[in-house]
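Shown next, in structure tokens, is the structure this report addresses.
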Amino acid sequence: MSSDVRRVERAAPAADTVGASVDLSVDLAGVRLDNPITSASGCFAAGAEMERFYDITELGAVVVKSVTPEPRQGLPTPRMAETPSGMLNAIGLQNPGIDAWIDRDLRWLQERGVTVIASIAGATPDEFRDVARKLRGQPGIAAIEVNLSCPNVEHRGLVFACSGHDSAAVIAAVRRETDVPVFAKLTADVTDLPGVARDVVGAGADGLTLINTLLGMAIDPDTGRPELANTYGGLSGPAIRPVAVRAIHQVHQAMPHVPIIGCGGVRDVGDVVQFVRAGATAVAVGTSTFVDPFVGPHLIAGLRRWLAERGHASIAELRGQVHPWR
Ligand SMILES: Cc1cc2nc3c(=O)[nH]c(=O)nc-3n(C[C@H](O)[C@H](O)[C@H](O)COP(=O)(O)O)c2cc1C
């Protein structure tokens, strides 16, 4: 028994030093992150709840749940449903509203020293602007991520991200209100994603987050009812990963200098490397957190080891490295 304990004690430091000299830091639109792994919006509670599992300052950054001008209760239940290799959700942007969020959630994140990427949402460009205005000057906010997968009430409820024109109007309104980098979060549910990406970058976005959930539906065959009370919901998890890799690659090819936070079905280190090779600078992890709350620190340690074992000095050197077959 005691010799087993000694063996464990000796083995631990050696395992921890694997890849210690590998540089995981990334430059995200001028913001230095210690490593490329972030939470994905809406999949990390308010942040404080995750602290019981590990020190969340280990993440490159925490992307918080999208916050709106006023508190929102969200949509009726059921609002989550498991699907093959993923899940559907129609939460409906449940959040405490920007004032309560700043007073409670942001304060905690600031005191904890977390690098925060604030995700904002709204029903009109003016609502996005108002939220961005309230965030102005708040310490600890490294960037703003603009969740463009919201229905535009001024345009028949069409999701902003489905229109380059409407998305650009939101980004321009936010850009005028803030000095921190602005990331436009887009959906792959469009025919010309590079076109939408060009529109938002033209309107002042410093970077892009790719991708949000894909619109889906599941029906209970016995009851005939949709599995979600909202009928439709956003599909996430490993099922959407190849769509995310394609989206990142397409946009990176079109605009190689625009930083991308890649997101969609990341589960293991190989997925992170895929995203970076496709063109992502940082990688956000969402649905996998529900399966394994420790996925963030596991990916950081695993990435370090993966790079060291293959003789890579840094993660940044792999960005955009996709080799043709011939
Ligand atoms: C339960 C749930 C809530 C989400 N809430 C938000 C949100 O508030 N804002 C946002 O931009 N994306 C939201 N998303 C989308 C995720 O941030 C992410 O873009 C998407 O789930 C794909 O990544 P994943 O497959 O790693 O989860 C949510 C996703 C889930 C599953």
Side-chain angles (χ1 to χ4, degrees), residues 12-13 15-67 95-96 100-120 135 137-145 178-181 183 185 207 209 259 261-263 266-269 271-272 275-276 280-308 314-316:
D16 285 345
T17 57
V18 175
S21 62
V22 168
D23 182 7
L24 289 188
S25 69
V26 291
D27 177 341
L28 191 67
V31 177
R32 185 190 180 281
L33 305 184
D34 288 344
N35 65 73
I37 306 299
T38 78
S39 57
S41 179
C43 302
F44 207 67
E49 298 86 342
M50 298 303 290
E51 185 76 5
R52 88 181 73 138
F53 298 109
Y54 63 91
D55 172 1
I56 65 168
T57 63
E58 286 178 32
L59 295 178
V62 167
V63 184
V64 300
K65 171 80 186 164
S66 295
V67 62
N95 79 94
W101 182 77
I102 289 174
D103 286 347
R104 191 191 59 199
D105 301 331
L106 181 59
R107 290 284 169 265
W108 185 88
L109 293 163
Q110 287 167 334
E111 280 162 21
R112 194 65 195 77
V114 172
T115 301
V116 177
I117 298 181
S119 171
I120 67 170
L135 291 174
Q138 286 291 341
I141 296 189
I144 290 180
E145 184 178 270
T178 184
D179 296 329
V180 299
F183 278 73
K185 186 168 181 181
T209 301
I261 303 174
C263 183
V266 169
R267 184 88 182 89
D268 62 28
V269 172
D271 304 334
V272 174
F275 276 45
V276 172
T281 295
V283 176
V285 186
T287 300
S288 291
T289 311
F290 303 132
V291 180
D292 172 13
F294 297 95
V295 62
H298 286 165
L299 287 177
I300 296 164
L303 186 59
R304 211 178 271 294
R305 204 171 309 120
W306 191 97
L307 291 165
S314 71
I315 183 65

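Atoms considered below: every heavy atom in the structure, side chains included; atoms not considered: hydrogens, waters and symmetry mates.
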Please round to the nearest 0.5 Å and tell me the distance separating atom [atom1] of [X] and atom [atom2] of [Y].
{"X": "L106", "Y": "Q138", "atom1": "CG", "atom2": "CD", "result": "5.0 Å"}
{"X": "W306", "Y": "D268", "atom1": "CH2", "atom2": "CG", "result": "11.5 Å"}
{"X": "I144", "Y": "D179", "atom1": "CD1", "atom2": "CG", "result": "9.5 Å"}
{"X": "T38", "Y": "L59", "atom1": "OG1", "atom2": "CG", "result": "7.5 Å"}
{"X": "D34", "Y": "I300", "atom1": "CG", "atom2": "CD1", "result": "9.0 Å"}
{"X": "M50", "Y": "T289", "atom1": "CE", "atom2": "OG1", "result": "5.5 Å"}

Between [X] and [Y], what is the shortest heavy-atom contact and its length?
{"X": "P297", "Y": "Y54", "value": "CD-CZ, 3.3 Å"}
{"X": "L28", "Y": "P259", "value": "CD1-CB, 4.2 Å"}
{"X": "F183", "Y": "A143", "value": "CD1-CB, 4.3 Å"}
{"X": "G19", "Y": "A308", "value": "CA-CB, 3.5 Å"}
{"X": "I315", "Y": "L303", "value": "CD1-CD1, 4.0 Å"}
{"X": "D55", "Y": "R112", "value": "OD1-NH2, 2.9 Å"}

Quick one: does any side-chain atom of [X] pair with a main-chain N or O of [Y] as donor and acceptor, under 3.5 Å?
{"X": "N35", "Y": "E58", "value": "yes"}
{"X": "Q110", "Y": "P139", "value": "yes"}
{"X": "S39", "Y": "V62", "value": "no"}
{"X": "S41", "Y": "S66", "value": "yes"}
{"X": "R304", "Y": "V22", "value": "yes"}

Query - R107/I102 under side chain to side chain contact (heavy atoms under 4.5 Å, CB included): CA gap, chis, key distance, verdict - result: CA-CA 6 Å; R107 290 284 169 265; I102 289 174; 3.6 Å; yes
**Report entry** Worked check of side chain to side chain contact (heavy atoms under 4.5 Å, CB included) between V291 and R267
**Finding:** CA-CA 9 Å; V291 180; R267 184 88 182 89; 3.3 Å; yes
Report task. Test V266 against L299 for side chain to side chain contact (heavy atoms under 4.5 Å, CB included), laying out the working first. Result -> CA-CA 10 Å; V266 169; L299 287 177; 4.0 Å; yes
Query - Pair I261-T281, side chain to side chain contact (heavy atoms under 4.5 Å, CB included): steps then yes or no - result: CA-CA 6 Å; I261 303 174; T281 295; over 6 Å; no
Query - Listed partners of E49 passing side-chain hydrogen bond (donor to acceptor under 3.5 Å, both in side chains), at least two apart - result: none
